[in-house]
Enquirer: 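Got a structure for you, questions after.
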Amino acid sequence: MKTVNFSISALLLFSILISCNGQSTKNPNPKNSKLVVGGGCDGCELMFVGMPKSIKAIDTSKGWSEKGQKLLVTGNVYKIDGKTPAPNTVIYYWQTDNTGRYSPAKGMDEKAKSHGHIRGWVKTDESGKYSIYTIRPAPYPKEDMPAHIHISIKEPNIEDEYYIDDLVFDDDVFLTGKKRRALENRGGSGILRVVISGNLQIAEHNIILGLNIPNYPEKNNTEKQSGLEIGEDNPSFIPYHAFGPDKGTRTCPVCKYGRFHGIVYFVGNNPDWEEIKKWLTFLEQESVKRNNYLKAYFVYGNEKKYNKEVREKELEKIGTELNLKNMALTFVPSMTDTESEVNLNKINPIVENTFIIYRHRTIIDKFIDLKPTTQNFKIISNTLDKTKSEYFNLQEPKHD
């Protein structure tokens, strides 16, 4: 076991077609049949071919001992709320080798050969954690598709298996902006951002069960809705900076400061300025305390009587009054504005506020209509403490 301290042609073509189409959707609602969670997919059933009777939370793929960049994918699986750990969830993965092929191995079950020999299973432990030691897959030969790892999920209490977004790599030259925008965020963002520990690349990847999965038993839809969901990537957008380090620019918050923690505090059509000032003061204090590990932004998008110059002076006055040094006070014409692309955040302009907390661009928590009380200040602080990266002090993996 391994741990990290923090805690030719025809076969290739057939493999590519089967493996890629293995993520394609079947008829999600055939006549006289029940709705299939996930909409169904061709090839997902291969996760049961050769599945071990006993599956651990840590798995080492056949690729680990082969030529290629060593890779550890590790993280937690959560239920649809994005916060409750989901134990006993089976994650099945399959990928190309270092030549970009789904190469089969001698003795493999004929049914599974299309997935290649670098395949395996993990089952989350009681805390929802899993780890996969493998190699970084190579892209398909002579194609511009990003390198990827396929993932299928089998929950203990849901009959159907289903696929989630392929795991792709943020630094992959084939992962263009167009391809990023086409991602479905099934189970959350599948974009991996690696850190380096010796000769090992490590990628933290959390999975949110049911997120953007068709026919999934939904959470209570009577809840107030605002913002993207936990597990999705915080999108790029360009607000006007009225006050703070990037004053006078249209700097994208997550583009420039997406390396560690970030908080985006959205207020739309119903501002309560006394409460806003209390929140800005608290976020300024947190920014000072956490230094470069936290960037906080206020994004004001009241569409009522919008005037760019007036809005700019209004926020500048507040920043001066509160003596803010680290907080960024920004604004957009409205929360549905497409020019700034703030609309990609899906903020409800009617709610009093929406707090989005992200790390490495991925949303890790969200709060709606949060009052500036001591208790809520602690909730934000505790969230930042609890989700601080475990990978700041990496060491080489140990081998048993």
Side-chain angles (χ1 to χ4, degrees), residues 75-86 128 183-191 204-213 216 218-237 239 253-254 257-258 260-271 275-276 279-280 282-283 286-287 290 294-301 328 330 332 335-336 341-373 375-389:
N76 292 276
V77 177
Y78 297 102
K79 295 184 179 181
I80 197 168
D81 63 0
K83 301 180 183 182
T84 306
L183 298 176
E184 297 180 86
N185 284 332
R186 291 174 61 116
S189 171
I191 300 176
E204 181 183 20
H205 179 63
N206 295 331
I207 297 169
I208 313 299
L209 298 178
L211 179 61
N212 297 321
I213 301 299
Y216 195 84
E218 293 291 339
K219 61 182 177 180
N220 187 354
N221 287 327
T222 61
E223 297 177 2
K224 290 179 180 177
Q225 297 296 315
S226 183
L228 297 171
E229 298 297 333
I230 297 171
E232 297 190 276
D233 266 11
N234 210 36
S236 303
F237 67 104
V254 294
Y257 301 111
F260 298 113
H261 270 127
I263 298 178
V264 190
Y265 167 30
F266 293 96
V267 172
N269 297 341
N270 297 299
E275 292 194 352
I276 289 171
W279 273 118
L280 293 178
F282 164 74
L283 293 173
E286 286 292 304
S287 298
R290 299 174 189 277
L294 172 66
K295 290 295 181 180
Y297 302 84
F298 174 65
V299 182
Y300 186 36
T330 75
V332 290
M335 289 303 174
T336 59
E341 295 190 304
V342 69
N343 63 303
L344 300 177
N345 291 276
K346 297 184 179 179
I347 300 301
N348 183 347
I350 305 302
V351 300
E352 190 171 321
N353 57 53
T354 306
F355 285 86
I356 300 294
I357 303 179
Y358 65 87
R359 184 162 64 81
H360 304 312
R361 294 191 68 142
T362 301
I363 298 171
I364 56 175
D365 217 335
K366 178 177 76 169
F367 303 95
I368 301 170
D369 285 350
L370 207 59
K371 294 292 183 180
T373 64
Q375 181 180 1
N376 287 336
F377 291 161
K378 288 181 179 179
I379 288 175
I380 297 293
S381 294
N382 290 340
T383 297
L384 295 172
D385 290 336
K386 182 177 66 176
T387 58
K388 185 176 180 180
S389 178

Enquirer: When you look at Glu232 and Asn185, which way does the side-chain hydrogen bond (donor to acceptor under 3.5 Å, both in side chains) test go after all the steps?
Expert: CA-CA 6 Å; Glu232 297 190 276; Asn185 284 332; 3.2 Å; yes
Enquirer: Answer yes or no: is there a donor N or O on one side and an acceptor on the other, between the side chain of Asn269 and the main chain of Ile350, under 3.5 Å?
Expert: no
Enquirer: Hey, can you tell me if Phe282 and Trp279 have their rings parallel, tilted or perpendicular (30° and 60° cut-offs)?
Expert: perpendicular
Enquirer: How long is the straight-line distance from NE2 of His205 back to CD1 of Ile191, given to the nearest 0.5 Å?
Expert: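 Ile191 CD1 to His205 NE2: 10.5 Å, rounded to 0.5 Å.
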Enquirer: Kindly compute the distance separating CD1 (Ile230) from CG (Leu211), expressed to the nearest 0.5 Å.
Expert: 9.5 Å
Enquirer: What's the verdict on side chain to side chain contact (heavy atoms under 4.5 Å, CB included) for Asn348 and Thr354, showing C-alpha distance, side-chain angles and the deciding distance?
Expert: CA-CA 8 Å; Asn348 183 347; Thr354 306; 5.7 Å; no
Enquirer: Between Lys346 and Gln225, does a side chain to side chain contact (heavy atoms under 4.5 Å, CB included) hold up when you go through it step by step?
Expert: CA-CA 9 Å; Lys346 297 184 179 179; Gln225 297 296 315; over 6 Å; no
Enquirer: Could you pull out the closest heavy-atom pair between Ala296 and Ser287, with the gap in Å?
Expert: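 For Ala296 and Ser287, the tightest heavy-atom pair comes out as CB-OG, 3.8 Å.
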Enquirer: How far apart are the closest heavy atoms of Pro253 and Phe237, and which atoms are they?
Expert: CD-O, 3.5 Å
Enquirer: Is any side-chain heavy atom of Phe367 closer than 4.5 Å to a side-chain heavy atom of Thr383?
Expert: yes
Enquirer: Could you check whether any side-chain heavy atom of Pro235 comes within less than 4.5 Å of a side-chain heavy atom of Val254, counting everything from C-beta outward?
Expert: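 A side-chain contact is absent here, since even the closest heavy-atom pair is not under 4.5 Å.
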Enquirer: Are Ser189 and Leu183 side-chain neighbours, meaning at least one heavy-atom pair lies under 4.5 Å?
Expert: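 No, side chains not in contact.
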Enquirer: Taking C-beta and beyond as the side chain, do Leu384 and Ile357 meet within less than 4.5 Å on heavy atoms?
Expert: yes
Enquirer: Measure the spacing between CD1 of Ile276 and OH of Tyr300 and express it to the nearest 0.5 Å.
Expert: 6.5 Å
Enquirer: Restricting to non-hydrogen atoms, name the atom on Asp369 and the atom on Glu352 that form the minimum distance, rounded to 0.1 Å.
Expert: OD1-N, 2.6 Å
Enquirer: Any heavy-atom pair between the side chains of Ser236 and Arg361 that's under 4.5 Å?
Expert: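 Arg361 reaches Ser236 side chain to side chain.
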Enquirer: Decide side chain to side chain contact (heavy atoms under 4.5 Å, CB included) for Asn345 and Ile356; before the verdict, give the C-alpha distance in whole Å, the side-chain angles of both, and the deciding distance to 0.1 Å.
Expert: CA-CA 10 Å; Asn345 291 276; Ile356 300 294; 5.8 Å; no
Enquirer: Find the distance between CD1 (Ile263) and CG (Asn234) and round it off to the nearest 0.5 Å.
Expert: 11.5 Å
Enquirer: Closest heavy-atom contact between Glu286 and Ser381?
Expert: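 In terms of heavy atoms, the two residues are closest at OE2-OG, 3.0 Å.
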Enquirer: Looking at every heavy atom in both Gly227 and Ile347, which two are closest together, and how far apart are they?
Expert: CA-CD1, 3.8 Å
Enquirer: Return yes if some donor-acceptor pair links the side-chain N/O of Asn353 with the main-chain N/O of Phe266 below 3.5 Å, else return no.
Expert: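 A pair under 3.5 Å: no.
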Enquirer: Determine yes or no for a side-chain-to-main-chain donor-acceptor pair under 3.5 angstrom, with Asn206 supplying the side chain and Gly75 the backbone.
Expert: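 The answer is no, because no donor-acceptor pair under 3.5 Å joins these two groups.
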Enquirer: Roughly how far, to the nearest 0.5 Å, is CZ of Phe298 from OH of Tyr265?
Expert: 5.5 Å
Enquirer: So, Arg290 and Asp385, do they make that salt bridge, N to O below 4.0 Å?
Expert: yes
Enquirer: Gly231 and Ile208: which non-hydrogen atoms are nearest, and at how many Å?
Expert: CA-CG1, 3.8 Å
Enquirer: Could you give me the CA-CA distance, side-chain angles and deciding distance for Leu370 and Ile380, then say whether side chain to side chain contact (heavy atoms under 4.5 Å, CB included) is met?
Expert: CA-CA 10 Å; Leu370 207 59; Ile380 297 293; 4.1 Å; yes
Enquirer: Check whether any side-chain heavy atom of Asn212 lies under 4.5 Å from a side-chain heavy atom of Glu184, and answer yes or no.
Expert: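 SC-SC contact between Asn212 and Glu184 ruled out.
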Enquirer: Going from CG on Leu209 to OH on Tyr78, what distance comes out if it is rounded to the nearest 0.5 angstrom?
Expert: 11.5 Å
Enquirer: Does Leu228 offer a backbone N or O that forms a donor-acceptor pair with the side chain of Lys366 under 3.5 Å?
Expert: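 Looks like yes, one N/O pair under 3.5 Å.
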Enquirer: For a 4.5 angstrom cut-off between non-hydrogen side-chain atoms, does Val299 reach Val332?
Expert: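 A side-chain contact exists here, since the closest heavy-atom pair is under 4.5 Å.
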